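None of these values were measured; they are calculated from a predicted model.
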Number of protein chains: 2
Amino acid sequence: MRLLLIEDDQSLADGITTALRHAGYAVDHAELGVRGVALAQAARPDLVILDLGLPDIDGVEVLKQLRRRQFKSPVLILTARDDLASKIAGLDAGADDYLTKPFAVDELLARLRALERRVGGITTAELRIGDVVINTASHEVTCGGKAVKLSRREFALLRALAERPGLIQSREQLEEKLYSWGEEVSSNTVDVHIHNLRKKLYPELIRNIRGVGYKLENGQ
Amino acid sequence: MRLLLIEDDQSLADGITTALRHAGYAVDHAELGVRGVALAQAARPDLVILDLGLPDIDGVEVLKQLRRRQFKSPVLILTARDDLASKIAGLDAGADDYLTKPFAVDELLARLRALERRVGGITTAELRIGDVVINTASHEVTCGGKAVKLSRREFALLRALAERPGLIQSREQLEEKLYSWGEEVSSNTVDVHIHNLRKKLYPELIRNIRGVGYKLENGQ
DNA sequence: AGCCACTCTTAAGTTTGCCTTAATTCCCGC
DNA sequence: GCGGGAATTAAGGCAAACTTAAGAGTGGCT
């Protein structure tokens, strides 16, 4: 799951970024509105967090530009506690949710999950593939009822596959979902994580199509 | 993946077309707006690349006509660098992305992939020829309900044929669709794959026209 | 701050399965 | 029947995928 954060306050941005990365998101970060618009088009994030109080362009204007360019991913806006006017303007311009500063990171994470679900058309926080159950909120995974402990990357990978069961995704596509800009890997990392997932769950769960990519069996 | 290019500049169109073919797309090409609208309805492409500067109808008008006729596939528009007005008009008329000329082919390919991804779940990724069903997303093929395991090249070949049922395609044309630049083969590879496909599916599916090429029977 | 545990990335070695090649046979049209 | 395109077959080579292990990096705990 790829996410774009448009936020000028460096320390706040750092905090959010690390928290989100820990939660398994690939996070891109822009400090200015113009850069945010560019990044949104280049990186095609699944979610955007947009601070309305940017130093260059007004945040609402950034949002309008995005929507005008057919950018469809949900946008969550961050506003100051008392800035009701721009909050409303933001929602009118196509924001999907808002959060007033200051906020708890857990709250942010919860809202993001809700947004993901809303656009994915999914109603529960659980993904099921065969007898593997993935809880996207608690990051818990069970296989045949037994809890399985997955690391961050393993979880992100499994989830990326589970969101589109049956669909084949290439290594490159999967890497895009796991890694932010400047985090790119240059090895067979995906292979290794796939291997570890197969070991922790069961080998037949993830199938490889030689020369094409990986997919999850379309769970019965 | 089937694609329609509406572009009047012959040399540009040729360049784009070959690049796209090598990237695995089945490309139809129209030089005029009217013809583009007709082809879009006849060929049902999964993606459209539309140059806004056409000699007959205005490109934006083409797009409006398409959308008015319930044409749902994503459309990427090509504009001159400075023609901001028609770019915006294009987006408002239902374009999904744009690219300003001149552009690098890689950029175009990247955008197309992004568009595919965006609509990935929406477009039905199934081709049917008689009782052979080809799922391009999961690379699964069934023949009379039974799953058949195809290798990458076999799948690509079957897909190339199935995208144009009834049309005779020469070995050279098929090779072009299977191999990218610098991968050319110098033997009867296509023959062999055809043979294996016939064995795995059924012999009558693929017909040879002596001296011309191969075709799929126009599914009953 | 320092230590410990855990995870991630890299890279090398191994396995696997597919693709190409090419030789041979088949068959269609002349 | 003859020529040439098409079908068939089998094997070797090769690249993709798998496996393993080690070292770097990270975070957590005391």
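The distance between atom NZ of B/Lys199 and atom C1' of C/dC18, rounded to the nearest whole Å, is 14 Å. For the pair B/Arg152 CZ and D/dA16 P, the computed distance is 7 Å after rounding to whole Å. With rounding to whole Å, B/Arg198 atom CZ is found 13 Å from D/dT9 atom P. Per the geometry, NZ belonging to A/Lys149 stands 8 Å off C1' belonging to C/dC6, to the nearest Å. If you measure from atom CG of A/Asp191 to atom C1' of C/dT10, you get 12 Å, rounded to the nearest angstrom. D/dA15 atom P lies 21 Å from atom CD1 of A/Ile209, rounded to whole Å. The interatomic distance linking B/Ile194 (CD1) with D/dA7 (P) rounds to 8 Å, in whole Å. Across the protein-nucleic acid pair, B/Leu157 atom CG and C/dC19 atom P stand 11 Å apart, rounded to whole Å.
With hydrogens and angles ignored, a donor-acceptor pair closer than 3.5 Å exists between the side chain of B/Asn188 and the base of D/dT8.
Within the 4.0 angstrom heavy-atom criterion, no nucleotide atom of any strand lies near B/Phe155. When heavy atoms are screened at a 4.0 angstrom cut-off, B/Arg207 is found touching no nucleic acid atom at all. Residue contacts shown for A/Arg21 are absent, as no nucleic acid heavy atom lies under 4.0 Å away.
A donor-acceptor contact under 3.5 angstrom links the side chains of A/Ser86 and A/Asp83, judged on distance only. Using modelled atom types and a 3.5 Å distance limit, the side chains of A/Arg171 and A/Tyr214 yield a donor-acceptor pair.
A close approach under 4.0 Å does not occur between any side-chain nitrogen or oxygen of A/Arg153 and OP1 or OP2 of C/dT7. Listed pair B/His195 / D/dA7 fails the phosphate criterion, with no side-chain N or O lying under 4.0 Å from OP1 or OP2. The phosphate of C/dC19 has OP1 or OP2 within less than 4.0 Å of a side-chain N or O from B/Ser151. Listed pair B/Arg171 / D/dA6 meets the phosphate criterion, a side-chain N or O lying under 4.0 Å from OP1 or OP2. Contact check, B/Ser187 against C/dT21: a side-chain N or O comes under 4.0 Å of OP1 or OP2. Put simply, A/Tyr214 has no side-chain N or O that comes within less than 4.0 Å of OP1 or OP2 on D/dA16. Between C/dT7 and A/His193, no contact under 4.0 Å exists linking OP1 or OP2 to a side-chain N or O.
Contact check on B/Asp97 versus A/Arg44 returns a salt bridge, with a Lys/Arg side-chain nitrogen under 4.0 Å from an Asp/Glu carboxylate oxygen. Ion pair B/Arg152/B/Glu154 not flagged as a salt bridge, since none of the NZ, NE, NH1 or NH2 atoms sits closer than 4.0 Å to an Asp/Glu carboxylate oxygen. A salt bridge is absent between A/Asp46 and A/Lys177: the closest approach of a Lys/Arg side-chain nitrogen to an acidic carboxylate oxygen does not fall below 4.0 angstrom.
Mapping A/Glu183 and A/Arg210 onto DNA chain C via the closest heavy atom, the residue that lands nearer the 5' end is A/Glu183.
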